[in-house]
Amino acid sequence: MSKFLKILAPATAGTASVLTLAYVLADQFVVDMPAPARVSFVSAANAQEAEAPAADTEAPAAPQMAVAETPAPARDGGYGLGREALPEEIAAWDIDVRPDGQGLPEGSGDVWTGEEVFVEKCAACHGDFGEAVGRWPQLAGGDGTLERKDPVKTVGSYWPYLSTVYDYVHRAMPFGDAQSLEPDEVYALTAYLLYLNNVVEDDFVLSNETFAEVEMPNEDGFKPDDRPETELPKFAAEACMSDCKGEVEITMRAAVLDVTPGSSEGDAEVEDTAIEVEDSTETQPAGAETAEAAVGNNQPTAEAGDTPAENAAEEAAPAGGDASEAAPDAGAPAEGAPVEEAAAPDASAGPDPELVAAGERVFKKCSACHQVGENAKNRSGPQLNGIVGRTAGTAEGFRYSGVMEEAGSGGLAWDHGALAGFLADPRGYMKGTKMSFAGLRSDEDIAAVIAYLEAHGG
């Protein structure tokens with residue numbers, strides 16, 4: 001303890017001495033300028049600057065920036081601060097694009113170039129098909145959801161003008177690296193977003209010349225703001241403050257948050273009305289998707305394959321069908337063929353449950369465009385029930401691309417080998433397919449997805 005005090009005491013005393021010395025020196029040498037003196041000093045400096053002889057302007061040329069920084073004319077009561085903005089500064093700020101295309105730079109970009117840029121710089125937040133990752137904004141889908149209580153507002157379902165898409169992507173994206181994209185990249189990204197929302201075909205090229213030709217699906221969903229003419233006169237009039245209405249009756253309640261004031265005693269009619277209103281709000285038109293399902297709704301008008309599973313799914317039929325064809329007489333195996341007898345029960349047992357479970361997880365990459373299972377229906381890609389073994393391009397009610405229909409007519413059936421090749425590289429396997437998915441990189445994932453599709457033979 002004594003050794004500790006021998007060290008601490010001198011250190012404390014030394015610190016106190018240094019601080020005291022600093023305080024004394026600061027008080028002695030640093031003197032505050034009185035307020036009147038400050039005013040006089042600033043006024044004199046401004047006057048001197050204003051009366052500088054013309055000869056000063058002929059002095060040796062200073063750096064270009066220094067010459068440009070002449071004080072701006074002071075407003076009444078101002079201080080003469082600032083300067084006029086330089087032309088290049090105005091140009092850097094003036095980047096807005098209007099609905100008629102005014103403000104667009106020269107350039108162009110196609111759908112597939114846009115996909116490459118999107119996957120590299122946008123998909124981490126918005127997903128490969130604009131379906132969104134986590135709580136990042138969804139960019140595709142949502143068609144037909146605007147009248148629901150939980151609408152899915154995307155580029156295709158909600159935005160009225162294409163100029164808003166280009167302007168926002170150019171101005172604010174990618175997140176954390178805004179305004180780093182070249183005009184051609186912005187055109188390509190905008191074209192790809194249109195393709196994801198089924199507004200254009202996969203061979204579309206967007207440019208400053210074709211920009212005005214694009215019509216957004218919800219353009220008629222907006223109208224000019226007429227509130228200055230229709231609402232302002234009513235609110236500007238003298239307000240009624242008493243006996244304005246003889247009787248007040250609650251006819252509806254808020255459907256999501258019950259914020260309507262009132263007692264809980266016997267308002268049965270109002271309660272019934274509230275339930276009816278909420279029910280009608282939640283009711284969706286026949287065949288409409290849920291808000292969650294709409295997430296991938298308007299993705300690329302894929303053919304039988306606009307998502308990994310789609311193409312594969314595009315045409316596949318349950319493996320069960322193939323197995324039964326491969327062993328039609330499995331129930332009565334011939335004598336001396338024990339191997340065939342053992343294979344028959346395996347075929348009837350279906351795919352490995354663990355592999356099916358793994359495939360279900362991988363299939364989430366495909367679910368933006370494809371559905372399987374009970375009540376599955378066609379979306380931007382065909383429903384995939386019974387895909388394993390099915391002839392390509394034959395899902396009922398789905399509009400396939402020409403190349404997919406030709407492949408089916410030529411005898412292509414989605415057996416395991418065809419599905420594996422297509423899921424690994426859709427566009428390499430079938431030139432011209434609208435399937436925009438880049439493909440599954442793992443053989444294990446491919447096998448798992450095929451097993452999952454096999455389990456949904458339909």
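A quick note: this is a predicted structure, and the numbers were derived from the prediction, not measured.
Expressed to the nearest 0.5 Å, how far CH2 of Trp112 lies from CG of Asp202 amounts to 5.0 Å. One distance of note links OG of Ser163 with CE of Met216; it measures 9.0 Å at 0.5 Å rounding. A distance of 10.0 Å separates OG1 of Thr394 from CG of Leu412, quoted to the nearest 0.5 Å. Considering CG of Asn218 and OH of Tyr161, their distance stands at 10.5 Å, rounded to 0.5 Å. If you take CG on Asp445 and CG on Leu440, they are separated by 6.0 Å, rounding to the nearest 0.5 Å. The distance from atom CD of Glu215 to atom CG of Leu162, rounded to the nearest 0.5 Å, is 11.5 Å.
Of the possible polar contacts, one joining the Gln371 side chain to the Lys377 backbone as a donor-acceptor pair under 3.5 Å is found. When atom types are taken as modelled, the side chain of Asn385 and the backbone of Val372 share no donor-acceptor pair closer than 3.5 angstrom. Judged purely by atom type and a 3.5 angstrom limit, Tyr429 has no side-chain atom pairing as donor or acceptor with the backbone of Leu419.
Between Ser180 and Pro174 the shortest heavy-atom distance is OG-CD, 3.6 Å. Contact record, Pro105 with Asn208: O-CB, 3.5 Å, taken as the closest heavy-atom pair. For the pair Ala413 and Gly389, the tightest heavy-atom approach, listed with the atom from each and the gap, is CB-O, 4.2 Å. In terms of heavy atoms, Phe204 sits closest to Ala191 at CD2-CB, 4.2 Å. Ile446 and Ala424 make their closest contact through CD1-CB, 3.8 Å (heavy atoms, listed as atom of the first residue, atom of the second, distance). Contact between Asp96 and Asp94 at its shortest, heavy atoms only, is OD1-OD1, 2.9 Å.
More than 12 heavy atoms of other shown residues, nucleotides or ligands fall within 6.0 angstrom of atom CG in Asp203. No more than 12 heavy atoms of other residues, nucleotides or ligands sit less than 6.0 Å from atom CD of Glu182.
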Distance-only donor-acceptor pairs under 3.5 Å for side chains of residues 353-362, two or more places apart:
none

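Two residues are said to be in side-chain contact when any heavy atoms from C-beta on lie closer than 4.5 Å; Leu453 and Val449 meet this criterion. Considering only heavy atoms from C-beta on, Leu423 comes within 4.5 Å of Ile450 through its side chain. The shortest side-chain heavy-atom distance between Phe129 and Cys366 does not fall under the 4.5 Å cut-off. Proximity of Cys122 to Val117: side-chain heavy atoms (C-beta onward) are nowhere separated by under 4.5 Å. Pro217 has its side chain out of reach of Asp143: every pair of non-hydrogen atoms, C-beta onward, lies at least 4.5 Å apart.
Checked by atom type, the side-chain pair Glu209/Ser207 shows no donor-acceptor distance below 3.5 Å.
Taking the six-membered ring where tryptophan is involved, the planes of Tyr168 and Trp159 are perpendicular, since the angle between them exceeds 60° and thus also 30°.
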Applying ring-ring contact (aromatic ring centres under 6.0 Å, His included) to Tyr158 and Phe222, what does each step give before you reach the verdict?
CA-CA 9 Å; Tyr158 183 72; Phe222 287 75; 5.2 Å; yes
Apply side chain to side chain contact (heavy atoms under 4.5 Å, CB included) to Lys121 and Asp177, showing your working.
CA-CA 10 Å; Lys121 301 186 177 182; Asp177 194 18; 6.0 Å; no
Please walk me through it: do Ile95 and His170 pass side chain to side chain contact (heavy atoms under 4.5 Å, CB included)?
CA-CA 9 Å; Ile95 60 174; His170 177 208; 4.1 Å; yes
Intermediate values then yes/no, side chain to side chain contact (heavy atoms under 4.5 Å, CB included), Leu139 and Thr154
CA-CA 5 Å; Leu139 303 181; Thr154 69; 5.6 Å; no
Could you walk me through whether Tyr187 and Leu104 pass the side chain to side chain contact (heavy atoms under 4.5 Å, CB included) check?
CA-CA 10 Å; Tyr187 279 116; Leu104 282 171; 3.6 Å; yes
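Listed by chain and number, the residues in a ring-ring contact (aromatic ring centres under 6.0 Å, His included) with Phe175 are Trp136 (sequence neighbours excluded). For Phe211, there are no ring-ring contact (aromatic ring centres under 6.0 Å, His included) partners, not counting sequence neighbours. Every ring-ring contact (aromatic ring centres under 6.0 Å, His included) that Phe118 has, sequence neighbours left out, goes to Tyr192. A search for salt bridge (charged side-chain N to carboxylate O under 4.0 Å, His left out) contacts involving Asp167 returns Arg171, not counting sequence neighbours.
Residue pairs meeting the side chain to side chain donor-acceptor pair (under 3.5 Å) criterion with at least one member in residues 224-235, sequence neighbours excluded: Asp225-Arg227.
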